Amino acid sequence: EVVLDEYADGLHFFLSLGIDLQTSLFEYQINVSNRSLTDQFLRIYSDINNFALKQSEASYIMAFSSFLELLPILNFTWEDLRNAYFKKLDVNFVRQQTNY
């Protein structure tokens with residue numbers, strides 16, 4: 001549950017970056033990768049670094065896609081993430097309202 005909660009924070013982070021970058025609408029199907037957990041994290045870090053160097057829509061989508069491909073490696077479903085994200089969003093709204 002803790003890992004899923006942190007992953008939901010990561011989703012929020014990526015969505016916020018996309019809003020700031022004013023990305024166009026895109027659809028992504030989560031691919032099941034045969035990468036190890038370590039290899040997938042290394043790919044995510046590499047793609048985030050590429051995005052940091054060149055903040056383009058293409059580099060954003062690549063980094064976000066790598067992040068999403070971690071989901072099945074962690075044995076979570078999109079529905080698990082969606083539920084965790086909205087649960088966390090409610091907590092964050094309460095924090096904002098109470099100046100947490």
Side-chain angles (χ1 to χ4, degrees):
E1 189 173 315
V2 172
V3 172
L4 187 57
D5 185 62
E6 294 302 322
Y7 196 84
D9 280 338
L11 178 63
H12 179 81
F13 171 75
F14 269 105
L15 293 174
S16 296
L17 284 176
I19 291 168
D20 290 346
L21 196 60
Q22 298 180 345
T23 57
S24 57
L25 180 66
F26 70 95
E27 290 186 30
Y28 182 77
Q29 184 171 351
I30 297 173
N31 298 315
V32 177
S33 173
N34 59 356
R35 288 185 190 89
S36 70
L37 181 61
T38 300
D39 287 343
Q40 189 62 35
F41 269 110
L42 291 172
R43 181 174 177 205
I44 293 166
Y45 290 139
S46 175
D47 289 343
I48 288 172
N49 186 56
N50 289 338
F51 173 71
L53 294 173
K54 182 179 181 187
Q55 294 186 12
S56 68
E57 184 172 29
S59 63
Y60 165 78
I61 291 172
M62 183 67 75
F64 192 19
S65 297
S66 294
F67 174 76
L68 292 174
E69 288 177 8
L70 183 61
L71 192 64
I73 296 171
L74 294 172
N75 293 316
F76 295 119
T77 65
W78 175 251
E79 194 64 27
D80 294 332
L81 177 56
R82 182 182 177 279
N83 291 337
Y85 174 78
F86 284 114
K87 180 180 174 184
K88 186 69 176 220
L89 194 59
D90 288 341
V91 169
N92 288 339
F93 282 141
V94 169
R95 287 178 174 171
Q96 288 175 344
Q97 291 171 349
T98 59
N99 296 318
Y100 174 76

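For reference, positions follow the sequence shown, starting with 1. On a predicted model such as this, the values are computed, not experimentally measured, just so you know.
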- [ ] Quick one: sort the Phe64 and Phe14 rings into parallel, tilted or perpendicular, breaks at 30° and 60°.
- [x] parallel
Just to verify, what does [X] make a side-chain contact (heavy atoms from CB on, under 4.5 Å) with, not counting sequence neighbours?
X	value
Asn83	Glu79
Ser66	Gln40, Arg43, Ile44, Asp47
Asp39	Arg35, Ser36, Leu42

- [ ] Drop me the distance from Tyr45's OH to Asn50's CG, to the nearest 0.5 angstrom.
- [x] 15.0 Å
TODO: Apply side chain to side chain contact (heavy atoms under 4.5 Å, CB included) to Leu37 and Leu74, showing your working.
DONE: CA-CA 8 Å; Leu37 181 61; Leu74 294 172; 3.7 Å; yes
- [ ] Just do the side chain to side chain contact (heavy atoms under 4.5 Å, CB included) check on Phe76 and Leu70 with the steps written out, would you?
- [x] CA-CA 9 Å; Phe76 295 119; Leu70 183 61; over 6 Å; no
According to a 4.5 Å side-chain heavy-atom criterion applied to Ile, Leu, Val, Met, Phe, Trp and Tyr, with indirect links allowed, do [X] and [Y] form part of one hydrophobic cluster?
X	Y	answer
Phe67	Ile19	no
Leu81	Phe13	yes
Met62	Leu15	no
Leu71	Leu89	yes
Ile48	Leu53	no

- [ ] Return yes if a side-chain donor-acceptor contact under 3.5 Å exists between Asn49 and Ser46, otherwise no.
- [x] no
Task: Atom of Lys88, atom of Asp5 and distance for their closest heavy-atom approach - done: NZ-OD2, 3.1 Å
TODO: Could you tell me whether a side-chain N or O of Ser33 sits under 3.5 Å from a main-chain N or O of Glu69, the two making a donor and an acceptor?
DONE: no
TODO: Kindly determine whether Leu17 and Phe51 satisfy side chain to side chain contact (heavy atoms under 4.5 Å, CB included), including the steps that lead there.
DONE: CA-CA 10 Å; Leu17 284 176; Phe51 173 71; 4.1 Å; yes
